[in-house]
Structures are given as structure tokens and as C-alpha cells.
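For reference, the structure is listed below as C-alpha cells.
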Amino acid sequence: MSYIPTVLQARELVARYNSDPFHLQHAETVSKVMGELAKEFDPERTEFWAAVGMLHDIDFELWPEQHCVKANELLHELDIDGDMIHAVICHGYGICIDVEPVLFMEKLLFATDELTGLIGAAALMRPTGISDMELKSLKKKFKDKKFAAGCSRDVIAQGAAMLGWELDVLLQKTLDAMRA
């Protein structure tokens with residue numbers, strides 16, 4: 001019988017396959033962002049959204065060349081619920097796997113995964129971190145292709161389009177979720 005792990009159980013699974021502090025922190029950040037966004041869009045499933053955010057890169061540290069493909073195998077072996085597995089792996093759609101985000105939550109994960117990295121990098125450049133970061137300042141960093149060059153602006157923009165949102169809406173909602 002497959003199961004849906006709690007955020008705590010998901011954190012333990014992520015720690016089983018990841019030891020790099022950066023990867024562990026990224027999992028925490030995306031989990032918290034997804035949990036915050038769930039409060040607005042799907043309050044009954046906040047734990048599910050946060051657990052998906054926690055698990056999204058479970059395979060990345062050990063199998064970066066098989067990202068999402070290996071997660072699919074791992075999560076099936078661990079007997080995780082199929083809906084959760086789909087939600088986790090589809091964040092790599094068009095990048096490393098051909099599983100498309102279908103549900104609103106899946107599209108949000110696709111859109112916010114890269115964006116949390118960009119916002120995190122921008123926060124590190126500010127004496128006050130993220131606490132008083134404004135959309136205008138974030139947009140400036142987004143437009144600077146040299147800044148946090150590893151964060152794909154195309155994926156972020158594609159995610160906003162998937163959601164049917166203007167880029168500014170995605171940037172602001174993710175910024176607010178990270179701030180919370």
C-alpha cells in the first residue's frame with residue numbers, strides 16, 4: 001500500500017540521499033515556499049504541497065545526470081503515492097524528463113524551484129537579506145543574466161506562462177512565500 005509522507009518523513013528521506021548543506025537547504029526552502037503557497041491556493045493540502053517541495057530534488061546530489069528519472073525509481077521503491085511521485089518528477093519537465101506538470105500545484109513547483117535560487121542569491125547580496133526586498137529589486141536581478149547565472153530565467157518565465165500569470169505575479173508570490 002503506497003503512502004504519502006509527511007514533511008518530516010520527506011525530510012528524513014531527503015537526508016538519506018543528500019548530505020550537501022546547499023541541497024538540504026534548497027529542499028527546506030522549496031518545501032516552505034510550497035507550504036506557504038498552499039495556504040492560499042489549497043489549504044486542505046498544505047502538508048502534501050510542502051512534502052512534494054521537500055522531495056523534489058531527492059535524487060539530484062547522487063544522480064545529477066539522471067535527475068527526476070532516478071527520483072521516479074527511488075520513490076516507487078519507497079512505495080510513495082503515485083500522485084506525489086508525479087508531482088515531484090514533473091518539475092524537471094523539458095529539462096531532464098518528459099513528464100508534464102498538469103495540476104496547478106505541479107506548475108507552481110516547476111515555476112518556483114528555479115526562482116527560489118534566484119531570490120536566495122539576491123538576498124545574500126543585501127545587508128537586510130530578503131526581509132525588505134522589493135519586487136523592483138528582484139526584477140533587476142532577474143534581468144541581469146550574469147547574476148545567479150545557474151538559475152534559468154527561461155524556466156521561470158515558462159512556469160509563469162504555465163500558470164497563466166504575469167512574471168511579476170510569480171516573482172511577488174514567491175518572494176512573499178520565502179519571506180514568510
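The residues Glu28 and Arg11 are annotated as salt-bridged, a charged nitrogen and a carboxylate oxygen being separated by less than 4.0 angstrom. Ion pairing of Asp42 with Arg45 is present here, as a side-chain N (NZ or NE/NH1/NH2) and a carboxylate O approach within less than 4.0 Å. Using a cutoff of 4.0 Å between basic side-chain nitrogens and carboxylate oxygens, Glu65 and Lys70 are not scored as salt-bridged. Remark: Lys32 does not engage Glu36 in a salt bridge, criterion side-chain N to carboxylate O under 4.0 Å. Remark: Arg179 engages Asp176 in a salt bridge, criterion side-chain N to carboxylate O under 4.0 Å.
Under the 4.5 Å side-chain heavy-atom criterion for ILVMFWY residues, a single connected hydrophobic cluster contains both Tyr17 and Val52. Hydrophobic clustering, with ILVMFWY side chains joined whenever heavy atoms are under 4.5 angstrom apart, groups Ile4 together with Leu74. Hydrophobic clustering (side-chain heavy atoms under 4.5 Å, transitive across Ile, Leu, Val, Met, Phe, Trp, Tyr) keeps Phe60 apart from Leu62. Residues Val155 and Leu103 do not share a hydrophobic cluster, defined by chaining ILVMFWY side chains whose heavy atoms lie under 4.5 Å apart. Cluster membership check: Phe110 does not share its hydrophobic cluster with Leu170, using side-chain heavy-atom separations under 4.5 Å among Ile, Leu, Val, Met, Phe, Trp and Tyr.
Checking Asp113 against His26 by side-chain atom types alone, a donor-acceptor pair falls below 3.5 Å.
Checked by atom type and distance alone, the side chain of Arg153 pairs as donor or acceptor with a backbone atom of Cys151 at under 3.5 Å. Looking only at distances, no side-chain donor or acceptor of His23 sits under 3.5 Å from a matching main-chain atom of Asp20. Of the possible donor and acceptor atoms, one in the side chain of Ser31 sits under 3.5 Å from a partner among the backbone N and O of Ala50. Judged purely by atom type and a 3.5 angstrom limit, Thr128 has no side-chain atom pairing as donor or acceptor with the backbone of Ser131.
Taking the side chain as every heavy atom from C-beta outward, Leu75 and Met84 never approach each other to under 4.5 Å. Side-chain contact between Glu106 and Tyr93 is absent, with no heavy atoms from C-beta onward closer than 4.5 Å. Pro5 has its side chain within reach of Ile80: a pair of non-hydrogen atoms, C-beta onward, lies under 4.5 Å apart. With contacts defined as side-chain heavy-atom distances shorter than 4.5 Å, the pair Asp132/Arg126 qualifies. Side-chain contact between His76 and Ser2 is absent, with no heavy-atom pair separated by less than 4.5 Å. By the 4.5 Å heavy-atom criterion applied to side chains, Met105 and Phe48 are counted as neighbours. Contact check for Glu114 versus Ile95: no side-chain heavy atoms found under the 4.5 Å cut-off.
We find the CE-CG distance between Met178 and Leu37 to be 11.0 Å, quoted to the nearest 0.5 Å. Note that the CD atom of Glu73 and the CD1 atom of Ile89 stand 10.5 Å from one another [nearest 0.5 Å]. Atoms CG and NZ, from Asp144 and Lys141 in turn, are 6.5 Å apart once rounded to the nearest 0.5 Å.
Ring-centre distance between His91 and His67: below the 6.0 Å cut-off.
Relative ring orientation between Phe104 and Trp49 is described as tilted, the plane-to-plane angle lying within the 30° to 60° band.
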Inset, instruction - Apply the test side-chain contact (heavy atoms from CB on, under 4.5 Å) to residues Val30 and Met54: give CA-CA distance (whole Å), side-chain angles for both, the deciding distance (0.1 Å), then the verdict. - result: CA-CA 6 Å; Val30 175; Met54 183 64 69; over 6 Å; no
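Residues Asp59 and Cys68 share a closest heavy-atom pair of OD2-N, 2.6 Å. Nearest heavy-atom pair across Ala111 and Ala160 is CB-N, 4.2 Å. In terms of heavy atoms, Ala71 sits closest to Ile58 at CB-CG2, 4.0 Å. Summarising the geometry of Leu135 relative to Leu171, their closest heavy-atom pair is CD1-CB, 3.5 Å, with the distance given to 0.1 Å. Scanning both residues, Ala27 and Val14, for their nearest heavy atoms gives CB-CG1, 4.1 Å.
Sorted by first and then second residue, the salt bridge (Lys or Arg N to Asp or Glu O under 4.0 Å) pairs involving residues 79-105 (not counting sequence neighbours) form an empty list.
Paired with Asn72 under the rule side chain to side chain contact (heavy atoms under 4.5 Å, CB included), one option of Val88, Ile85, Val99 passes, and it is Ile85.
Among residues two or more places apart in sequence or in another chain, the side-chain hydrogen bond (donor to acceptor under 3.5 Å, both in side chains) test is passed with Gln158 by none.
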